[in-house]
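Notes to accompany the following structure.
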Amino acid sequence: MITVRCFATVREILGYAMRELPPSHEPQLASDILTVIAGERAADLPKPLLVAINCEHASLTSPVKDGDEIAFFPPVSGG
Amino acid sequence: MITVRCFATVREILGYAMRELPPSHEPQLASDILTVIAGERAADLPKPLLVAINCEHASLTSPVKDGDEIAFFPPVSGG
Amino acid sequence: MIIRLQTSDFDPEREAQALDVKGAGARVSFVGTVRDRAQDRRIETLEIEHYPEMTRAELTRIGSAAQTAHHLLEVLIIHRYGRLQGNERIVLVTVWSAHRAEAFAGCQAIVDALKTRAPFWKKEISPEGAVWVPGHTPQDLR
Amino acid sequence: MIIRLQTSDFDPEREAQALDVKGAGARVSFVGTVRDRAQDRRIETLEIEHYPEMTRAELTRIGSAAQTAHHLLEVLIIHRYGRLQGNERIVLVTVWSAHRAEAFAGCQAIVDALKTRAPFWKKEISPEGAVWVPGHTPQDLR
């Protein structure tokens with residue numbers, strides 16, 4: 001399974017903080033996961049939209065495989 | 001009177017921390033005061049030699065007048 | 001290196017003392033506090049959301065990178081999350097090094113990286129409503 | 001602005017808290033400590049001589065200049081003199097500002113100016129004898 005996590009405005013717009021997706025048999029990119037989870041609401045999501053895979057910053061073109069945790073969130077403001 | 005103060009290695013070389021000098025009738029520069037107080041030992045003093053007049057950084061070419069306090073010291077190391 | 005994520009407040013000096021770093025001539029600390037006004041709104045509460053597993057990993061990467069780049073002897077990062085009030089402390093970054101220039105550069109590098117890379121999000125709650133604080137995107141994540 | 005010259009130690013956090021600066025999002029502190037080694041010598045004692053009247057005037061000028069240049073809300077400088085042991089605190093510089101970049105720049109400007117302009121002289125006493133620490137001369141005082 002692939003674990004999807006959403007934070008801040010992404011969580012508010014999509015309406016959940018976490019879900020699991022079965023992996024595809026084809027190679028998948030982060031953008032493919034986003035299409036599955038956001039569908040038509042992709043246009044409502046914050047831009048730029050940040051991506052992390054397994055707790056490291058990544059991008060929409062990063063590959064995602066079975067067992068990965070992928071997260072979507074708006075730009076951060078730590079400190 | 002002109003008050004002369006010496007710090008650190010200048011104090012150690014000249015052997016005193018403070019003395020008073022009668023002002024000259026002629027206009028005087030800090031370098032003139034140094035000649036009076038150091039004499040032949042001027043060559044033994046640290047280089048660069050720093051000067052302060054009335055608690056502000058100055059130079060050997062700064063004028064000194066009656067009532068002033070002039071200080072000579074080596075480069076500082078605060079902090 | 002000490003990384004702590006917590007809801008409770010902290011005493012910056014006690015935390016630094018506890019590390020007892022020897023041989024460091026210079027220690028530089030940054031304390032960030034919740035602003036109590038934004039534009040003309042009075043901020044009552046700041047809600048800080050974060051991504052706990054990634055926050056810990058990212059702060060460790062940020063701290064390690066600064067430690068290497070700026071020859072830091074020790075690094076301490078404490079970041080709060082949850083609900084905070086105006087003027088409360090949010091974050092402490094303290095670094096130790098042999099020389100002052102390295103300590104300033106290392107501390108500032110960590111604080112800058114926190115702003116743009118650490119997965120925290122802030123919502124300011126004022127009498128007029130709640131507003132997400134705009135985030136920062138570093139060049140390499142655009 | 002608070003300027004203090006003293007022989008006794010200080011608690012950096014308590015001193016900063018006592019000022020209770022409101023509206024400052026960022027606070028940056030520098031704590032300098034006595035090194036316990038120089039080259040291969042073990043330093044037992046550091047003797048700090050200063051020029052009290054000028055030190056106070058010069059620290060005030062340094063603090064005011066940084067306050068204006070870097071939009072600091074408040075400045076605290078505590079500098080010790082007299083006899084100190086290895087690893088003891090010598091100096092605290094804490095500044096408050098609305099934004100972090102100003103706080104870092106302002107604190108560093110004060111610490112840099114202390115090194116080159118504040119009339120302190122240090123003698124390191126080790127088992128091998130006493131050595132004056134070489135000082136610094138800023139460009140405009142050469």
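Side-chain atoms are counted along with the backbone in the values below, which use heavy atoms only and exclude waters and symmetry mates. So you know, we letter chains A, B, ... as the sequences are listed, proteins then strands, and number each from 1.
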Would you mind checking which part of [X] comes under 4.5 Å of any heavy atom in chain B, side chain (CB onward), backbone (N, CA, C, O), both or neither?
X     : answer
D:R56 : neither
D:H79 : side chain
D:E53 : both

Can you give the donor-acceptor pairs under 3.5 Å from side chains of residues 30-42 of chain B to other protein atoms, not counting sequence neighbours?
unit_1, atom_1, unit_2, atom_2, d
B:S31, OG, B:L60, O, 3.4
B:D32, OD2, B:L29, N, 2.8
B:T35, OG1, B:S31, O, 3.0

Find the one option among [options] whose heavy-atom pairs under 4.5 Å with chain B are most numerous.
options                      : result
D:F120, D:Y81, D:Y51, D:W132 : D:Y51
D:E58, D:R117, D:K123        : D:R117
D:H50, D:R61, D:E47          : D:R61

field: Smallest separation among heavy atoms of D:R89 and D:R80, with atom names
entry: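 Closest approach of D:R89 to D:R80: O-NH1, 2.9 Å.
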Least distance between heavy atoms, D:T137 atom then B:P48 atom: OG1-CG, 3.5 Å
Is it true that a side-chain atom of [X] and a backbone atom of [Y] form a donor plus acceptor pair closer than 3.5 Å?
X     : Y     : value
D:E49 : B:A8  : yes
B:Q28 : B:S24 : yes
B:R11 : B:L14 : no

- prompt: Can a salt bridge be assigned to the pair D:R42 and D:E44 using a cut-off of 4.0 Å between side-chain N and carboxylate O?
  reply: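 Salt bridge: yes.
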Atom group of B:E12 that falls short of 4.5 Å from chain D, counting heavy atoms: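 Interface part for B:E12: side chain.
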Got a list of side-chain donor-acceptor pairs under 3.5 Å for residues 66-74 of chain D, not counting sequence neighbours?
unit_1, atom_1, unit_2, atom_2, d
D:T68, OG1, D:S64, O, 3.1
D:E74, OE1, D:M1, N, 2.9

field: Pairs flagged by salt bridge (charged side-chain N to carboxylate O under 4.0 Å, His left out) wherever residues 16-28 of chain B is involved - sequence neighbours left out
entry: none
statement: Checking heavy-atom separations under 4.5 Å from chain D, one finds in residues 68-79 of chain B B:E69, B:A71, B:F73, B:P74, B:P75, B:V76, B:S77, B:G78, B:G79
